[in-house]
Structure formats: structure tokens, C-alpha cells
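All ligand and atom numbering here is 1-based and tracks the order in the structure. All figures in this text were calculated on a predicted structure; none of them were measured in a lab.
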Amino acid sequence: MDKSSRLPGFYKLSLEERVALVGEWAGLTEEERAVLERGLGPAQADRMIENVVGTCALPLGIAVNFLINGRDYLIPMAIEEPSVVAGASYAAKLVRQGGGFVAESTEPLMIGQVQVLGVADLKRAAQAVLEAREDIFALADAQHPTIVRLGGGAKGLEVRELTDTPVGPMLVLHLLYDTRDAMGANAVNTACEAVAPLIERLTGGRVVLRILSNLADRRLARARCAIPASALEGEEVVRGIVEAWALAAVDPYRAATHNKGIMNGIDAVAIATGNDWRAIEAGAHAYAARDGRYTSLTTWEEDAQGNLVGRIELPLAVGIVGGATRVHPTARVALKILGVRSARELAEVMAAVGLAQNLAALRALATEGIQRGHMRLHARQVAIAAGAKGELVDRVAEQMVAEGRIREARAREILRELDVGRDGIPPYSKE
Ligand code: NAD
């Protein structure tokens, strides 16, 4: 079977046809295909969080066309916002023309923080902690033999002296911990808790916090793409995209929206795969402000050959085991569709999706204006809210867009007008 993710006309298929195609592409069993329809059941949900009364579903779409490090991917995206899946697929198609995305990642190193107060001599205490490095690692590693066996566990130790805080001086220990294919919050927190008594003995102080940092800046993912100007309909578009990005580079008001667009893609993959998107959001935005001024997570430039070159770098603490990744049935199927073999590969794919999403938004903003395409989809939602079904959804939406009036009341009016066929049959069904 052709394993290209370039699936022309995928959007024109019916939902059933899409499930069949993706099912065949990814080798899904009948049961896994059924999961796409059924989703998370109430009994499973009841075991996941507290006080459960039901579930709250989101649409799951598939972004096509992604070529990353020479491999084709179909990208499951769970999101309620129209245009995101289409935008990612469109941008990935452009990027294919430049050879696809090149992505890489660091080792999956998380930072666990241990906060120590009441230390008499910060310098001496810091020295004592660093000298006991091997003992601290042994204690941390004893908590998670599986992760250690897989090559993870404690890998580094740093001590920071914070002298100017609202409660006086404190010492903060950073335990660098390789979580392998897990997001790792629980593993890191357990390791921090385990080393705390030893840290108190070594420093003579009192440990308060023992928890991971979501500013996972030792666990970065990067992606790069180069798109020929011809694919973008000329150098003017290339220049327009670079100019649009430039505002995000210098202005936090624009950067917040620019990065929100990036996170549209990254969060959608995180949610589809059962990952903790709040952790990813926290890390991404803290990283965007790492130099003291909040800025863009991407860069765009024109290279010497006139190609548009984009880059993204951000922390991506994601897992393919642990958390909800294997508990949520849809997440399990989404991971199978994606076919990633490690947490690092998932992070690399997500970085590429973020870059694609950013390209789609910038291209639209720099050229036709994002509103036109978006309004068409927004109008469909309004039409559905007004009660339109089947082909009437598009009929009502098109008319509202043409009139420039996208309101539920107007949709109801149009529905009434369209519905008055002489024989009582709505006009659309006669075509
Ligand atoms: P987890 O607790 O389920 O741990 C993963 C387990 O998988 C490990 O104990 C390990 O033994 C096992 N494992 C099997 N194969 C592995 C492999 N190849 N690589 C690594 N581990 C392997 O999951 P977690 O990732 O520690 O925790 C993630 C959850 O923690 C998320 O759901 C998140 O919402 C939550 N959380 C987040 C925060 C935060 O971000 N601030 C804080 C607390 C909890």
C-alpha cells in the first residue's frame, strides 16, 4: 500500500470513507475503527478523574500531507475550532514541495525542583549538595527501575542560590531527569520527594516544594522547513510572510496571537494523543519569554535562493506512555494512526505541526486575509446552530457569507426561505 500522506481530495470524502481510508492506511482493526466513533465511555471516564458525570467530546480530524524527516504522517488533531486542520494540511502540502520538514529533539530531560529554605550558608549548602551527587542520583533512580532500565533516570544536578525573594534567601535544586517515553511528571515528582530528606540533611535547611518545572527547556523540539517561492505564488508572498512574522518578533501583543496560532496545532495533537496540553502551553509561553521579553516561537526568513525558511523551537514534554495516553481509547488509536515510536518522535511531529500551523496563518494573513476562509467555516457552524442539516448547511452558509451577515437569526430566515419548495421538498434535494 502506498504510504504517502498526500491524500488529494481527502476532505471531499464522507466521514465513513475517511475512517475507511485512515483505517487502511494505519492498519486499524475493526475495534479501533469503532473507537473513533465511540470515544471514551463513561465507565472509563469514571476511573480517570473525580466526580464524573459524563464525557465531553471534541471533533477528531486528520491533517494530511505531512512529510517529516523523510517519513509520511497522518496527524490526528482534536479541536473545536474550524480551519485549523485544513490550515495544517495546506501548509504541509506547501512544505512537501521543499522536501518536507526536518525535525530534531534533545534527550527527554525534565527538570525537578527542590526548594530549600532556612539555609544558614547558601554557598556551603550548595557545595554539599553537588558533592553528594551520586547519592542523590541513587535515591532518585531507585524510585523508577523501569525508566532507569530503559536508559532514563537522574542525569544532572544544578543548584541555584536565590537571595532576593519575598521570604528571604533560598536554595533551589534542579534534578535533571530523563523520562524516556513518558511525559514524566509523576516520575520526576516522586524522585524529588525521595531525595528531599537527604537534601535537608546536607543543607541543614527545610524542603518545601518538590515538583517538576513545566519550563522544560532541556527537553526541546525543533523543526525547520524551506519552501520555494514558486510554491507560494511568488516572492511577494515570501516577503509578506517575513514581514508579518517580524511584528511577532518584536511585539508581545502580536506574539501572543502568533503563538496562539502555533498552539492551535500543537494542542490539537496533544489532546488527540492524551497528552497534558496545559503543561505544554505553560512550557511554550514561559520559553517564549525566556529572554525577559515575550516573543515568537518561530522565525521566518528568505534565504539566498529566495526560499521561505521557517524554524520553530519549544519545550515539548510529551509522552507515548503514562498519563492518559494509553488509558483514553481514542488517544491509543490516535497514537497508532500517527505511528510514532518514541516520545521524542512525537515531540518532533508536534513541532512540525506547530510550524505548519504558523505558516498557514501567516500566509493567509499576509495574502487574502484570514477572515474570508475562516468566515465560511464560521458561517457553517452558525447555520448548523440555526437548525440547517445536510446540504442546507452549505447553502445557508454561502448566502450569509455573500451577504456579509453571519447571524443565527439570519440563518433561520434563510432556512425558512429555502425550505418553501412548492411541493414541500427543500430546493437543494432537487438538484
Ligand atoms: P505515569 O505516572 O503514568 O508514568 C509513566 C510510567 O510508565 C513510569 O512509571 C514508567 O515506569 C512506565 N514506562 C513504561 N515504559 C516506559 C518508557 N518507554 N518510558 C518511560 N516510562 C515508561 O506518567 P507520567 O508521564 O509520569 O505523568 C504524566 C501525567 O502527569 C500527565 O497526565 C500530567 O497531566 C500529570 N501531571 C502533570 C503535572 C505538571 O505538568 N505540572 C504535575 C503532576 C501530574
## Note on the structure
Contact region, T179 to ligand 1, non-hydrogen atoms below 4.0 Å, reads backbone

### Query
Which residue supplies the protein heavy atom nearest to atom 9 (O) of ligand 1, what is that atom called, and how far is it?
H144 CD2, 3.2 Å

#### Entry: Nearest-neighbour protein heavy atom for atom 40 (O) of ligand 1, which is reported as residue plus atom name and distance
N214 ND2, 2.9 Å

### Task
Among all protein heavy atoms, pick the one closest to atom 22 (C) of ligand 1 and tell me residue, atom and distance.
V321 CG2, 3.6 Å

### Query
Is it the case that T330 and R38 place a side-chain donor and acceptor less than 3.5 Å from each other?
no

### Query
Take atom CZ in R124; do more than 12 heavy atoms of anything else shown fall under 6.0 Å from it?
no

### Message
Looking at ligand 1, is there an atom of it that comes within less than 4.0 Å of some heavy atom belonging to A187?
### Response
yes

### Query
Taking N or O atoms only and a 3.5 Å limit, does D276 qualify as a polar contact for ligand 1?
yes

### Protein heavy atom at shortest distance from atom 12 (C) of ligand 1
T146 CG2, 4.6 Å

### Message
Going by a strict under-4.0 Å cutoff (protein heavy atoms only), does atom 33 (C) of ligand 1 have a neighbour on the protein?
### Response
yes

### Query
Under 3.5 Å, N or O to N or O, is G184 touching ligand 1 that way?
yes

### Task
Identify which of L150, V148, D181 has a heavy atom lying nearest to atom 16 (C) of ligand 1.
L150

#### Entry: Polar atom proximity, G322 to ligand 1 (N or O, under 3.5 Å)
no

#### Entry: Distance filter under 4.0 Å to A279 heavy atoms, resulting ligand 1 atoms
40 (O)

### Task
Would you check if the side chain of D394 reaches a backbone N or O of R380 as a donor-acceptor pair within less than 3.5 Å?
no

### Query
Does a side chain donor of either W300 or N358 reach within less than 3.5 Å of an acceptor in the other side chain?
yes

### Task
For atom 10 (C) of ligand 1, find the nearest protein heavy atom and state the residue, atom name and distance (0.1 Å precision).
I147 CG1, 3.8 Å

### Presence of salt bridge, R71 and E345, under 4.0 angstrom
yes

### Task
Ignoring hydrogens and angles, tell me if any N or O in the side chain of R326 forms a donor-acceptor pair with the backbone of R332 under 3.5 Å.
no

#### Entry: Residue, atom name and distance, where the atom is the protein heavy atom closest to atom 35 (C) of ligand 1
A185 CB, 4.0 Å

### Query
What is the nearest protein non-hydrogen atom to atom 29 (C) of ligand 1, stated with its residue, atom name and distance?
N186 ND2, 3.9 Å

### Query
Between R96 and N65, is any side-chain donor less than 3.5 angstrom from a side-chain acceptor?
no

### Query
Will you find, in the side chains of H258 and T298, an N or O donor that is under 3.5 Å from an N or O acceptor?
yes

### Query
Does CZ belonging to R290 count more than 12 external heavy atoms closer than 6.0 Å?
yes

### Task
Count the heavy atoms of every other residue, nucleotide or ligand shown that sit under 6.0 Å from CD of E233, and state whether that count exceeds 12.
no

### Message
For the 3.5 Å polar cut-off, considering only N or O atoms, please tell me whether G323 and ligand 1 meet it.
### Response
yes

### Task
Answer yes if the side chains of R344 and S105 hold a donor-acceptor pair under 3.5 Å, and no otherwise.
yes

### Query
Non-hydrogen atoms of N189 versus ligand 1: any pair closer than 4.0 Å?
yes

### Message
Using a 4.0 Å heavy-atom cut-off, which part of I211 comes near ligand 1: side chain, backbone, both, or neither?
### Response
neither

